[in-house]
Amino acid sequence: MTRASRTRGEWRPAPALSVARVAVDVPLAHLDRPFDYRVPSHLDDEAVPGVRLRVRFAGRLVDGYLLERVQESGHGGRLAWIDRVVSPEPVLTAEVAALCRAVADRYAGLLCDVLRLAVPPRHAAVEAEPSPDVAVAPSLDALDRSGWSRYPRGPALLRALEQGRAAHAVWQALPGEAWADRLAEAAAATAAGGRSALLVVPDQRDVDALQAACEARIGACGVVALTAELGPAERYRRWLAVRRGAVRVVVGTRSAAFAPLHDLGLLVVWDDGDDLHAEPRAPYPHVRDVLMLRAHAVTAALLVGGTARTAEAHLLVESGWAREVVADRATVRAAMPRVIAIGETDGQLARDPQARVARMPSVAFEAGRAALAAGRPVLVQVPRGGYLPWLACAQCRETARCRHCAGPLAVPAAAQRGGDGSPGPAHCRWCGRAEPGFRCGACGSRRLRANVVGARRTAEELGRAFPGVPVRSSGGGAAVLDRIRAQPELVVATPGAEPPADGGYGAALLVDGWAMLARPDLRVVEETLRRWLAAAALVVPHAEGGRVVVMADSALPTVQALVRWDPAGHAAAELRSRAEVGFPPAVRMAAVEGSAGAVAEVLACGELARLAGVEVLGPVEIGADPGTGVDPGVEVRERALLRVPRAQGRALAAALAAAQAARTARKASDPVRVRVDPQEIG
DNA sequence: ACTCCATTAGAA
DNA sequence: TCTAATGGAGTA
């Protein structure tokens with residue numbers, strides 16, 4: 001490398017491939033394309049594809065990535081020099097660059113926004129450290145595939161992974177399945193075949209479990225965990241080790257979907273219904289979609305696994321893109337606990353004196369008592385605190401109780417917000433019965449007052465129902481517990497925070513089922529079954545006395561799906577109902593949000609008008625920004641929903657990107673937020 | 001933020 | 001008819 005001359009006037013172009021195509025970090029839609037710069041001879045060695053750069057763009061120095069070196073520029077005018085190569089580390093691999101472009105295109109977003117999600121911030125000191133050792137391939141005979149033999153297509157899947165074939169699978173884990181071990185086996189099979197594996201799970205606790213399982217099979221040096229909780233230095237250290245090819249298996253959360261593994265053979269998303277897999281920052285990509293795009297681009301296998309099944313995963317099966325890996329009915333029945341539903345039509349409500357004292361339905365009380373007597377813990381799943389207020393007498397502050405089973409009364413948050421601000425119809429948290437004509441048992445008042453209920457309050461109630469039994473809380477304000485020992489105690493957990501128990505729970509009580517299903521959310525039905533299955537899967541099989549009591553009406557299809565343990569059937573029904581109402585994934589949808597004028601401008605744009613078969617819903621007025629608050633943008637006041645047949649999805653995204661480009665080119669000041677296939681629609 | 005270029009106002 | 005001033009577009 002020659003030294004930089006004192007003045008730019010003396011700079012000379014690199015002898016060969018002197019043009020660099022650069023992705024500049026400028027968040028404007030009409031500038032979302034590569035720009036060409038001249039490579040000066042003194043940067044010839046360092047200016048390789050993937051490095052971070054500084055270039056002069058529109059009069060200021062901006063960051064960018066070098067995408068490729070070429071001989072000629074298509075640009076007619078004079079090229080500016082690359083100002084500086086920030087570091088010689090080629091952080092953006094060609095594969096990840098192409099993936100980020102594909103993700104941006106899928107979501108009508110900007111490449112630079114996706115690059116921010118994909119490449120962690122630089123840490124110079126870490127970059128300068130010597131590289132750790134390169135991983136060794138695991139030995140083939142260390143493979144134990146017995147765990148997959150309970151699924152008829154399981155062994156074939158592992159064979160495919162070992163042979164490096166790009167299998168696409170949707171896997172429903174059996175109740176009580178050691179899912180981390182199964183995924184580790186899949187990763188080990190891939191590694192044994194000489195390729196690498198990327199496994200994305202919802203949260204840190206899952207990362208810890210899966211990392212341990214992978215290290216047990218592959219050895220610690222080839223496995224790396226990538227999560228946001230590591231802190232910038234450690235995160236970058238591990239990420240660099242991956243990029244430098246020292247890692248065969250990556251286990252991580254959301255942003256790890258972009259990890260720059262070499263020679264990818266397997267991509268896994270576990271529990272794809274968990275909303276942690278949806279990125280809250282623009283352009284709001286979902287892990288499952290990122291991995292699908294990636295699997296397609298590099299011809300790798302994709303495994304979408306979970307205890308439950310999403311409508312999106314089911315569509316992969318229905319369309320023939322993926323094969324399902326499921327156990328047969330007899331195996332499922334043998335592995336599952338007995339599930340009992342109690343609701344208004346079930347006639348199972350508390351009648352006997354003992355249950356009345358315990359303030360819960362006798363079936364639930366019995367299930368809990370039997371499990372505790374057998375020396376096993378009991379899991380109680382309660383909704384996350386905050387959204388479900390509990391009710392008290394406005395006069396004497398005594399807890400408002402159900403006249404049938406003496407359970408505490410509550411109103412769902414949706415009913416609370418509605419209309420005049422008075423609480424909607426109260427329901428019993430235990431049996432779900434409506435209580436339209438409350439009268440306080442203590443003072444006779446008919447007025448109710450709402451308080452916020454948390455898991456702690458529920459824990460107190462249960463403590464009284466099972467005197468002398470220790471009560472522990474996980475989530476909902478309390479710390480999330482990792483694991484529970486095999487001893488008789490009550491574990492009150494919010495969804496997603498249920499700790500597995502050694503040897504399994506003896507029983508699970510799923511309270512407030514009616515309230516979960518009453519939430520004003522498009523995905524409630526799917527989400528509720530996912531939460532119930534997640535808790536029920538931690539309970540020992542029926543033959544060992546395992547029982548699950550769900551406090552919701554057994555006439556509901558979602559309750560039936562739990563009773564029959566039929567996530568696939570439920571997902572099929574969910575997909576059908578989404579098709580009926582025209583919602584993703586049956587169609588491709590985009591939410592366009594912003595000021596009334598801005599939304600109208602986007603809807604009026606030529607590209608969108610030329611797009612055949614696009615249906616526009618709205619625009620409608622919306623209240624405060626329903627988004628994540630991550631967008632600093634202006635107050636969102638209107639929203640239009642656009643939908644097209646799935647085959648037109650790419651065209652819709654392209655049209656929306658063009659509309660955004662037209663706006664930014666015109667220096668339109670009020671921003672428009674576009675979300676493709678949004679997880680939530682306010 | 002800065003440059004480039006087109007358009008236009010003003011002077012010779 | 002030429003030149004300086006102004007503004008809008010594009011950003012290499």
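Only heavy atoms go into these numbers, but all of them, side chains included; no hydrogens, no water, no symmetry mates.
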Check every strand shown and say whether [X] touches a base, only sugar-phosphate, or nothing at a heavy-atom separation below 4.0 Å.
| X | result |
| --- | --- |
| A:Arg21 | nothing |
| A:Arg38 | nothing |
| A:Leu79 | sugar-phosphate |

Take atom [atom1] of [X] and atom [atom2] of [N], then tell me their distance rounded to the nearest Å.
| X | N | atom1 | atom2 | answer |
| --- | --- | --- | --- | --- |
| A:Arg56 | B:dT3 | CZ | C1' | 12 Å |
| A:Leu66 | C:dA12 | CG | C1' | 13 Å |
| A:Leu31 | B:dA1 | CG | P | 16 Å |
| A:Asp25 | C:dT11 | CG | P | 18 Å |
| A:Glu68 | C:dA12 | CD | C1' | 15 Å |
| A:Lys667 | C:dG8 | NZ | P | 10 Å |
| A:Trp81 | C:dA12 | CH2 | C1' | 13 Å |
| A:Arg60 | B:dT3 | CZ | C1' | 14 Å |

Do the ring centers of A:Tyr107 and A:Tyr284 come within less than 6.0 Å of each other?
no
What I want to check is whether the side chains of A:Asp272 and A:Thr310 have a donor and an acceptor closer together than 3.5 Å.
yes
Quiz question: by atom type and distance under 3.5 Å, do the side chains of A:Glu318 and A:His314 form a donor-acceptor pair?
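Looking only at side-chain atoms, A:His314 and A:Glu318 do form a donor-acceptor pair, the distance falling under 3.5 Å.
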Are the side chains of A:Pro645 and A:Gln648 in touch, meaning some heavy atoms are under 4.5 Å apart?
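SC-SC contact between A:Pro645 and A:Gln648 confirmed.
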Check this one for me: any side-chain N or O of A:Arg78 less than 4.0 Å away from OP1 or OP2 of B:dC4?
no
